[in-house]
Structures are given as structure tokens and as C-alpha cells.
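This report refers to the structure that appears directly beneath it.
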Amino acid sequence: MPRLIIISNRLPVTIDKKEGELFYHPSAGGLATGLNSLETDMEKLWIGWPGQEINDEAIQGQITKDLRKDGLVPVFLSQKEIELYYEGFSNETIWPHFHYFTQYTTYNDDYWKSYQDVNRKFADIVIANIQEDDFVWVHDYQLMLLPAMIREAFPSISIGYFLHIPFPSYEIFRILPWREAILDGLLGADQIGFHTFDYMRHFLSAVYRIGGHEHNFGKLTINNRLVNIDVFPMGIDYDKYAYPERIAGKEMVDSQVAKFRSKKRKLIISIDRLDYSKGIPQRILSFERFIKENPQYRGKVTLMLIVVPSRTHVDQYQELKDEIDTLVGRIDGEYRTFGWSPIQYFYRSFPFGELGAMYKAADIAMITPLRDGMNLVAKEFIASKEESKKGVLILSEMAGAANELTDAIIVNPQDSKDMVNAILKALEMPEEEQASRLQKMQDRLKIYTVKHWAKTFMNEQMNLKELKDLKKTKILKKGKTDALIADYKAAKKRLILLDYDGTLMGFQNDPKKVVPDQSLLDILEKLKNTEGNKVVIISGRDKHTLDAWLGHLNLDMAAEHGVWIKRRNEWKTPDVSNAWKKDVRHVLESLVERTPGSFIEEKDYSIAWHYRMIDKGLGEKRVREFRDVLLYLTANLDLQVLEGNKVVEIKNAGINKGKATAYWLMKDDYDFMMAIGDDSTDEDTFKALPEEAYTIKVGLDKTAARFNLLDVKNVRELLLEITS
Ligand code: GDG
């Protein structure tokens with residue numbers, strides 16, 4: 001039975017050592033809740049650091065044994081590793097950098113070395129605990145190298161990865177000296193998930209610009225392995241925050257709500273871990289500006305500021321703590337009156353019941369991070385208003401959650417005027433409006449829970465595995481070509497249709513350089529001279545080039561996707577007009593003028609614009625721009641615009657490789673048919689052939705072909721094999 005193997009830096013458990021005895025407290029964070037609620041009969045195993053330094057081997061052994069009963073496997077870290085890998089590279093390099101605080105990014109080779117070593121340490125333990133048919137799910141920024149390390153040991157295992165923090169824009173990411181290694185590490189996974197589309201977009205752009213891999217609707221092909229990049233916004237355990245009393249007891253929650261709530265004044269809450277990404281000083285200053293500019297609210301509103309201690313060993317966190325203390329002290333000193341403190345400040349964490357009660361008691365939540373992967377506090381606050389339908393959320397546009405909670409008051413946390421207006425708007429919002437906004441957000445959060453998140457991620461990963469298994473069976477590897485070869489040998493009349501670029505020859509920046517080499521010419525010659533074979537080169541190239549390169553072989557050919565047909569050494573073309581070319585050429589010329597590095601290729605009955613040598617993003621932008629112009633120009637003409645691999649081609653409609661294929665099918669009867677091609681124009685060939693034909697796609701993209709070959713080398717091997 002396959003199992004689900006979860007790997008995160010921290011195990012969902014805390015260990016206490018008291019008087020030589022070990023105590024285990026399970027911690028039910030969002031992730032644990034989501035995974036525990038997964039409706040699957042798969043056995044689960046969770047691998048991670050138990051959160052404490054434990055050096056004694058006997059105790060380590062005892063802990064390993066105890067945790068195993070609950071499906072947990074500990075990875076023990078030394079003090080040095082905690083300092084360098086966890087506090088160092090994870091929290092002083094990746095965390096600030098990925099949250100756009102590049103001024104805090106530490107560039108330290110010892111940190112990096114330890115990050116690699118600890119990822120390796122995790123990998124060793126993972127590898128010792130898994131089997132090829134398990135599903136592995138790796139979490140977060142501390143373990144970005146792990147997917148590739150696992151992949152090395154288990155080439156076919158299914159690996160998912162989820163990043164809980166933002167993925168920064170390419171311009172930020174590229175600054176990291178270890179950028180390639182990080183991307184390579186992540187790309188060991190089969191599926192990489194992010195909270196928002198923006199993070200996904202940034203990641204794909206980094207993969208393209210740094211690694212040169214292009215994606216197709218979020219799918220990458222890395223070493224002939226499909227990697228799915230997708231968006232899975234994490235949700236919460238809705239009922240837990242809607243009804244905290246079910247966990248903490250009604251009496252407790254009610255009494256806490258009564259304690260926090262006051263008839264005289266409105267309560268704004270702010271809850272975060274101590275972190276510079278959370279925008280706490282900016283929030284305090286905006287609140288100060290609010291009470292300064294709106295004296296009528298003095299004494300009538302309180303900001304309850306909860307800051308949960310975190311990463312206190314890191315300098316910036318200590319400085320931030322000092323800054324917050326000073327700000328709160330100053331504002332309190334300036335505005336406090338008898339019986340009213342503008343800010344109630346708590347630097348500690350609260351038990352769940354109290355937290356739930358605070359959410360319930362608050363009129364407004366101000367959640368205004370400068371950057372935040374998602375932010376679950378915002379979602380929890382909305383859920384807590386399930387019964388009352390009263391409450392307003394002020395949410396930063398920089399939090400991932402802002403993409404979903406669009407009925408919150410959305411603010412720019414650096415714009416204090418905007419924040420002040422938001423506080424005013426929230427305080428004065430009519431109850432009906434509060435209820436209607438809450439309702440819309442709640443409806444959504446009730447569906448997109450953390451359970452839903454874990455389920456969709458896993459389902460997608462399982463679908464991918466199925467697809468991968470299916471694709472594997474379609475790949476014509478050595479030893480899997482027996483049936484094809486037997487059919488070939490048994491046949492009397494064979495039709496063999498071969499695309500040229502990307503199929504018989506590799507891709508090059510300059511299309512004129514793709515001249516056939518001797519070994520290809522030998523293969524084609526042999527193929528052509530075998531009795532019963534009709535070999536056709538079916539290409540998008542012009543007939544002059546095809547003739548110059550392959551003419552001496554006296555093969556049949558289709559040029560310009562079938563505009564020209566060569567049979568019995570004679571080129572023919574259907575009666576088509578190309579009067580439209582002048583106007584289209586004009587548009588393309590202006591495109592080339594504005595896009596250095598791109599060029600026009602003119603053929604007899606079509607015209608193409610190539611952008612292989614320019615930035616793909618710019619190329620695509622230009623394609624979109626000029627598509628509109630072209631559509632306008634060609635509205636009354638019978639033309640088609642084909643978007644190929646870094647090329648756009650305009651030609652007469654009704655002409656394609658499928659029509660060309662039909663031409664040869666009409667001319668004769670064959671008892672063996674085979675077509676090989678690599679790009680979207682070859683799909684027409686595949687579709688035009690009868691079902692029993694051997695249709696073969698080069699590469700692993702979506703195709704109508706029955707089989708796949710991985711690359712040009714494999715195509716040549718197959719052709720050699722059948723002729724030998
Ligand atoms: C990372 C990303 C992303 C907070 N104070 C107390 C307490 N909490 C709980 C909250 C909430 C959780 O901690 C905080 O989650 P966030 O999402 O807000 O933030 P990060 O910890 O920075 O998490 C973030 C998240 O991963 C998930 O992918 O959303 O963007 O940075 O659940 O309720 N819980 C208790 N007492 C407290 O005082 N009991």
C-alpha cells in the first residue's frame with residue numbers, strides 16, 4: 001500500500017523533559033489539522049525536527065521509539081545545525097529575502113553549507129523510511145533542496161512540495177548566490193504549490209530566466225519529467241474558529257469574550273508573530289495618526305496589540321521588539337487618560353480558547369503585513385464572526401489572503417492615510433454592510449478549508465502520478481519497439497511521414513544552420529531505399545531549403561505545412577492566392593523594428609515572424625499586440641495565424657500537415673503507417689492517419705499521438721533499428 005510521507009522542518013509535537021521523564025504534547029497547527037482530516041486510507045508518516053536539542057543517543061532512541069507509535073519520525077539537530085541551518089540560512093537568508101527585506105538578507109557560506117548538510121540529513125532519514133510507490137509531500141522554505149535529493153535515490157517516486165511563504169519576483173530572487181541550486185532542489189518535485197498566482201508566476205519566471213525551462217500552462221518538462229506548478233491557497237479549520245467553545249468550553253470562552261468586550265468602546269485587534277514582515281510599527285503609527293486626527297474617537301477605541309514572541313535570537317527581531325516597545329510607550333504616554341489606554345499591548349502567546357474569544361470579542365481586526373505568504377489570522381477572524389455577523393477586517397493587499405478576502409477593507413500598509421481612512425470606514429460601517437461582507441467571505445472560507453487544501457493538493461499529485469504512469473507506457477524505449485518493428489517487417493507497403501526540425505534535427509537559434517548531418521542523410525537514404533517504403537518529409541520549411549538540403553535523396557516532401565507537395569520529383573501547389581502577404585509583411589516589419597533580435601522568414605505562401613533569440617516574455621507581449629492588428633487586417637481573408645515554438649506564422653487557411661497527409665493516403669494503400677513529429681503542427685498529421693498507424697510525438701507534451709519518443713537521438717535510434 002502506498003503511504004503519505006509528510007516532511008516539514010518541525011514535527012507537530014513538542015517534547016518536554018521533566019526530571020528525566022519525557023512528555024509529548026501534540027501541536028495541532030493548520031498543517032496537522034489539514035493532513036489529519038485527509039480522508040484517505042493511506043498510512044501517514046511525518047518526518048521532522050522535534051524542536052529541541054537532544055544529544056544523548058539513548059534519549060534519541062527512546063524518543064524515536066515513542067514517536068513511531070504516532071507515525072512520527074524525528075530528525076535530531078545539533079545546536080550548531082540549529083544556529084546555522086535554521087536560525088541562519090532559513091531565517092536570516094531565505095525568510096527576509098523571500099519577503100523582500102533584502103537589506104536583512106545574510107550572505108554567509110557557512111549558513112549555506114549547513115543548509116545543504118541538514119537537507120542531506122533529512123534526505124538520508126527520508127530515504128531510509130520510504131518506498132518507490134509512496135507519496136511524498138515536502139513543506140516549506142527550510143527544505144528546498146530535499147525534493148531533488150529524494151529524486152536522486154527514487155527516480156520514479158511521486159514528490160509534492162508546498163511553499164508557505166511568498167516566492168519573490170525574479171529581480172529579487174536572482175540576487176541570491178545559491179539561486180540555481182535552490183531551483184534545482186525544488187524541481188526535483190513532480191508538483192510545486194504556492195498560495196497565490198503571483199508567487200507561481202514569479203517562480204516560473206525564475207525557472208525560465210535562470211534555468212532556461214519554458215512552461216506550458218504551468219507545466220515544465222525537466223529532464224523529460226513533467227513538473228506541475230500550481231496554486232493551492234491554504235485555508236483554515238473553519239469550525240474550530242467559528243465555534244471555539246467546542247474545544248475550549250462554553251463557560252471559558254463566554255467569560256473571556258465578556259472580559260475583552262466593552263460597551264463603552266470599540267476593540268481593534270492585531271495578532272502576529274514578532275516579525276518585521278508583519279508591519280507592526282507601521283500599524284501602530286497609523287493608529288496613532290488616527291487618534292490624533294480624530295479626537296472624537298479618543299477614549300472610544302482601543303487597539304489590542306498581541307505580539308507573539310518569535311526568533312528572539314536574531315538581531316532584527318530584538319530591534320523590532322525594542323521599536324514596538326518604544327512606540328507603544330510613547331503613544332500611551334501621550335494619549336492615555338484616566339480609564340483609557342489607546343493601546344493594550346501583550347508580548348506573549350495565548351492559549352487557543354483565549355485567542356478564539358479575542359477574535360469573537362473584537363469589532364475590527366487590523367491585519368496589515370508588509371508581506372505575507374497567506375496569513376491565516378485574517379481567515380480565522382472572519383470565521384469567528386459566523387454567529388454574530390458583526391465585525392470588519394482591514395487587510396493588507398500584500399498578504400496572500402487578500403486575493404480571496406476581497407470583501408475586506410484592503411489597504412496598502414505603507415500608506416498611513418489609507419490605513420487611517422480604513423479605520424474610520426471600519427468604525428462607521430453599517431451593520432448590514434458588515435454582515436453582507438462577512439457572509440461572502442465566510443461562504444468561501446467554509447468551502448476552501450485546510451482540509452480542502454490538503455485534499456486538492458494530494459488529488460492533483462495523484463492525478464499527475466497516473467498521468468506519468470500512463471505516459472511511461474507510451475514511451476518507446478529500447479525493448480518496447482518489438483511490435484512496431486514486427487509490423488514494419490511484415491508489411492509490404494509502408495508510409496513514413498517525418499517532420500524535420502525538432503524531430504530529425506535538434507533546435508538551433510539560427511534556423512539556417514540546421515543543415516542535415518551525414519548520419520541523418522545515411523539513415524534517410526537507407527529508409528528510402530528499402531523496398532516498399534514511401535518516405536515523406538513533412539515540414540513547415542520552404543521548398544528551396546528542403547530541396548537544397550534533402551533534394552538529392554529524391555524523397556517525397558511537403559513544404560510550408562503542405563502548401564507545396566513534391567511527388568515524383570515535381571513540386572505542386574494548390575491554387576491559392578498570396579496577395580495578402582504585402583500587408584502582413586508590412587505589419588511584421590514594424591514588429592521587427594521594435595523588437596531587436598526577431599526576424600521575418602518569407603515563404604512562397606506564408607510569412608513567419610521568429611522570436612527565438614529574444615526574451616520570451618517580450619516576444620509573447622508583441623504577439624498579443626500584433627495579433628489584434630492582424631485580425632483586423634485579415635478579417636475578410638481566408639488566413640490562419642499559427643503560433644508555434646517561438647514563431648508565429650500566417651498562411652492560407654485550410655492548408656496544414658493533415659491535408660498533406662491525406663494527399664499521400666489518397667495516392668496509395670499502405671499496410672504500415674508511421675508519423676513522427678515534435679510540435680503542434682504535427683498534431684494534424686497524427687489526426688489525419690488511421691487509428692492503427694504508429695503516430696509518435698517527440699517530447700512529452702500533450703498529444704494525439706499514440707506513442708512518445710524523448711528526443712531527436714531516440715528518433716534516429718528507432719529509424720536505425722527498423723532499417724537494420
Ligand atoms: C506562515 C506564513 C502562511 C498566532 N498567535 C497565537 C496563535 N497563533 C496562530 C494563528 C494562526 C498561526 O498562529 C499564524 O499563522 P499565519 O498564517 O498568520 O502566519 P505564519 O506563522 O507566519 O505562517 C503565512 C502560513 O505559514 C501558512 O501557510 O499563511 O503567510 O508566513 O493559525 O491562529 N495561536 C495560539 N495562540 C497565539 O497567541 N494558540
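Whatever order the structure lists ligands and atoms in, that order sets their numbers, starting from 1. In this text the structure is predicted, and so the values were computed from the model without any measurement. We number each residue from 1, following the sequence as shown.
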**OP:** Give yes or no for whether the N/O distance cutoff of 3.5 Å, strictly under, is met between Ile306 and ligand 1.
**Re:** no
Original post:
Is it the side chain (CB and beyond), the backbone, both or neither of Val308 that lies under 4.0 Å from ligand 1, heavy atoms counted?
Top reply: side chain
Original post:
Counting heavy atoms not belonging to Lys259, are there more than 12 under 6.0 Å from its NZ?
Top reply: yes
Subject >> Chi angles and distances behind the side-chain hydrogen bond (donor to acceptor under 3.5 Å, both in side chains) call for Glu386, Tyr238 >> reply: CA-CA 9 Å; Glu386 171 65 21; Tyr238 190 87; 2.6 Å; yes
Subject >> Atoms of ligand 1 close to Gly373 [distance to a heavy atom under 4.0 angstrom, numbered from 1] >> reply: 30 (O)
Original post:
Any N or O of His99 that comes nearer than 3.5 Å to an N or O of ligand 1?
Top reply: no
**OP:** Output the list of atoms in ligand 1 that are nearer than 4.0 Å to some heavy atom of Leu376, sorted by atom number.
**Re:** 16 (P), 17 (O), 18 (O), 27 (C), 29 (O)
Original post:
Quick one: which ligand 1 atoms are inside 4.0 Å of a heavy atom on Ser349?
Top reply: 38 (O)
Original post:
Should Arg311 and Tyr317 be marked as a side-chain hydrogen bond (donor to acceptor under 3.5 Å, both in side chains) after you check the CA-CA gap, both sets of side-chain angles, and the distance that decides it?
Top reply: CA-CA 7 Å; Arg311 304 180 195 172; Tyr317 288 73; 3.0 Å; yes
Original post:
Do the rings of Trp137 and His139 sit parallel, tilted or perpendicular, given the 30° and 60° boundaries?
Top reply: tilted
Original post:
Should the ring pair Phe457 and Phe162 be called parallel, tilted or perpendicular, given that the plane angle runs from 0 to 90° and is split at 30 and 60?
Top reply: perpendicular
**OP:** With heavy atoms under 4.0 Å as the rule, classify the contact between Asn375 and ligand 1 as side chain, backbone, both or neither.
**Re:** both
Original post:
Do we get Lys379 above Tyr241's six-membered ring, with its NZ or CZ under 6.0 Å from the centre and within 45° of the axis?
Top reply: no
Original post:
Charged N to carboxylate O below 4.0 Å: is that the case for Asp198 and Arg201?
Top reply: yes
Original post:
Strictly under 4.0 Å, does any heavy atom of Phe98 approach an atom of ligand 1?
Top reply: no
Subject >> Distance filter under 4.0 Å to Leu355 heavy atoms, resulting ligand 1 atoms >> reply: 7 (C), 33 (O), 34 (N), 35 (C)
Original post:
Is it the case that more than 12 heavy atoms not belonging to Tyr448 sit under 6.0 Å from its OH atom?
Top reply: no
Subject >> Option of least heavy-atom distance to atom 30 (O) of ligand 1 (set: Asp372, Leu163, Ile367) >> reply: Asp372
**OP:** Could you pull out, from Phe350, Tyr241, Trp95, the option with a heavy atom nearest to atom 35 (C) of ligand 1?
**Re:** Phe350
Original post:
Taking everything shown except Gln103 itself, do over 12 heavy atoms lie less than 6.0 Å from its CD?
Top reply: yes
Original post:
Below 4.0 Å from any atom of ligand 1, is there a heavy atom belonging to Tyr359?
Top reply: yes
Subject >> Per-atom contacts, ligand 1 versus Met234 - under 4.0 Å to a heavy atom >> reply: 27 (C), 28 (O)
Subject >> ligand 1 to Ile165 polar contact by distance, N or O atoms, under 3.5 Å >> reply: no
Original post:
Should Lys278 be listed as contacting ligand 1, given a heavy-atom distance under 4.0 Å as the test?
Top reply: yes
Original post:
If you look at every heavy atom in Glu245 and Lys250, which pair is closest and at what distance?
Top reply: CB-CA, 3.6 Å
Subject >> N or O contact, Arg273 vs ligand 1, cut-off under 3.5 Å >> reply: yes
